There are 2 protein chains.
Amino acid sequence: MAADQLSRVFSALADPIRRDMVSRLTVADATVNELAEPYDVTVQAVSKHLKVLEDAGVVSRTRQAQRRPVHLEAEVFDLMTKWIERYRRQAEERYRRLDDVLRSMPEDMDPTPPREEPRAPETGAQT
Amino acid sequence: MAADQLSRVFSALADPIRRDMVSRLTVADATVNELAEPYDVTVQAVSKHLKVLEDAGVVSRTRQAQRRPVHLEAEVFDLMTKWIERYRRQAEERYRRLDDVLRSMPEDMDPTPPREEPRAPETGAQT
DNA sequence: CCTGTGTTCAACCATTTGGTTGAAACACAC
DNA sequence: GTGTGTTTCAACCAAATGGTTGAACACAGG
């Protein structure tokens with residue numbers, strides 16, 4: 001799908017089974033069979049899920065005899081956190097600016113919606 | 001289309017266009033047409049993207065005459081951050097513990113990895 | 001009323017996804 | 001070698017996704 005890693009990571013974590021596998025991998029590395037055990041799907045399906053996680057860089061696999069232990073690569077979390085935090089901070093700052101605007105707005109103002117302005121239309125809508 | 005919100009949020013942000021729209025919405029609310037302008041897809045496609053973001057709770061829309069301004073709901077970022085940080089912290093702590101284990105492990109040890117019973121009521125030979 | 005603007009709905013299409021079964025490949029033990 | 005356990009490959013399927021076009025809806029302003 002989307003070529004960039006961030007898209008692949010988000011996409012990989014959009015599946016509850018895959019998120020659960022990640023959560024279990026924070027406790028310990030595990031093999032495909034071990035990972036598959038709790039779920040009501042075939043081992044092949046889990047193998048596919050792991051491929052998705054691996055392609056996204058969320059996990060890596062090493063070889064150990066006939067087993068292929070799956071290991072969590074925690075760094076990708078930073079990638080997501082960076083994206084999220086960046087825009088959250090922007091959004092929060094924007095709300096701060098919006099507060100200022102609202103505070104300085106007279107009550108009897110013309111109700112014409114201020115278009116093009118970086119400001120919420122405010123028809124008594126959401127918080 | 002997993003039912004839970006976290007899945008929907010991750011899935012919604014797995015698309016580059018949708019992430020870009022979110023990033024632009026941190027600057028200011030915008031209408032569908034405004035949002036569609038930079039992309040090489042039809043307005044209808046953007047409308048669909050917005051529905052995905054709205055169903056995930058990432059944005060909300062109010063009615064304003066015939067326009068439907070799109071507003072970013074920054075709280076969902078917390079949802080993701082919580083999930084991510086939780087497991088990242090677990091993973092980091094695990095690595096710390098693993099270091100201890102490795103330090104105290106004799107060379108001639110059985111190569112079976114020390115596993116800590118993640119959650120499944122395992123019958124396997126796990127420590 | 002009619003027209004124009006903004007948005008969504010409906011039908012359709014191609015591709016991807018998440019699952020299945022069955023066979024194959026791999027690494028070891030005997 | 002033969003077998004046994006672990007993982008993947010291949011083919012297939014149903015459903016979801018992301019896109020299109022065309023029609024419909026909602027409202028503002030002649």
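Computed from a predicted model, the values in this text were never measured in an experiment. A note on names: the letters A, B, ... follow the listed sequences, proteins ahead of strands, and every chain is numbered from 1.
Between A:D55 atom CG and C:dG18 atom C1' the separation is 15 Å, expressed in whole Å. We find that CD of A:E54 is positioned 13 Å from P of D:dT7, with the value rounded to whole Å. The distance from atom CG of A:D15 to atom P of C:dT17 is 12 Å, rounded to the nearest whole Å. At whole-Å resolution of the value, CZ in B:R63 and P in D:dC25 are 14 Å apart. With rounding to whole Å, A:F10 atom CZ is found 19 Å from D:dT17 atom C1'. The CG atom of A:D40 sits 17 Å away from the P atom of C:dG18 (whole-angstrom rounding). Between the CZ atom of B:R8 and the C1' atom of D:dT17 there is a distance of 16 Å, given to the nearest Å. If you take CD of A:Q64 and C1' of D:dT6, they are 12 Å apart, rounded to a whole angstrom.
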Please list each protein N or O that sits under 3.5 Å from an N or O in nucleotides 22-24 of chain D, with the distance.
residue, atom, partner, partner atom, Å
D:dG22, O6, B:Q44, NE2, 2.8

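Taking side-chain N and O atoms only, B:N33 has no distance below 4.0 Å to OP1 or OP2 of C:dT5. Residue A:R18 places at least one side-chain N or O closer than 4.0 Å to OP1 or OP2 of C:dG18. Checking the phosphate oxygens (OP1, OP2) of C:dT8, a side-chain nitrogen or oxygen of B:R68 falls inside 4.0 Å. Proximity of A:T42 to the phosphate of C:dT20: a side-chain N or O atom is located under 4.0 Å from OP1 or OP2.
Distance alone, capped at 3.5 Å, places no donor-acceptor pair between the B:S11 side chain and the B:R8 backbone. Listed for the B:S7 side chain is a donor-acceptor partner under 3.5 Å among the backbone atoms of A:A14.
When the nucleotides C:dG19, D:dT8, C:dA27 are ranked by their closest atom to the side chain of A:Q66, C:dA27 comes out on top. Set against D:dT20, C:dT21, C:dT8, the side chain of B:V32 has C:dT8 as its closest nucleotide. Nearest nucleotide to the side chain of B:V41, out of C:dG19, D:dT20, D:dT6: D:dT20.
Looking at B:R19 and A:D4, a side-chain N of the basic residue comes within less than 4.0 Å of a carboxylate O on the acidic one, giving a salt bridge. Between A:K51 and A:D55 there is a salt bridge, with a side-chain nitrogen of the basic residue lying less than 4.0 Å from a carboxylate oxygen of the acidic one.
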>> Determine whether A:F77 and B:E85 satisfy the following criterion, side chain to side chain contact (heavy atoms under 4.5 Å, CB included), listing intermediate values before the conclusion.
In response: CA-CA 8 Å; A:F77 288 178; B:E85 285 305 305; over 6 Å; no
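DNA chain D lies under 4.0 Å from at least one heavy atom of each of the following residues of residues 45-53 of chain A: A:S47, A:K48.
Residue A:L25 holds its CG atom at 11.5 Å from OH of B:Y87, rounded to the nearest 0.5 Å.
Taking all atoms of both residues into account, the shortest heavy-atom contact from B:A12 to B:A56 is CB-CB, 4.0 Å. For the residue pair A:V58 and A:V76, the shortest heavy atom distance occurs at CA-CG2, 3.9 Å. Minimum heavy-atom separation, A:M21 to A:L53: CE-CD1, 4.0 Å.
Clustering ILVMFWY residues whenever any of their side-chain heavy atoms sit less than 4.5 angstrom apart, transitively, puts A:V52 in a cluster other than the one holding A:V70.
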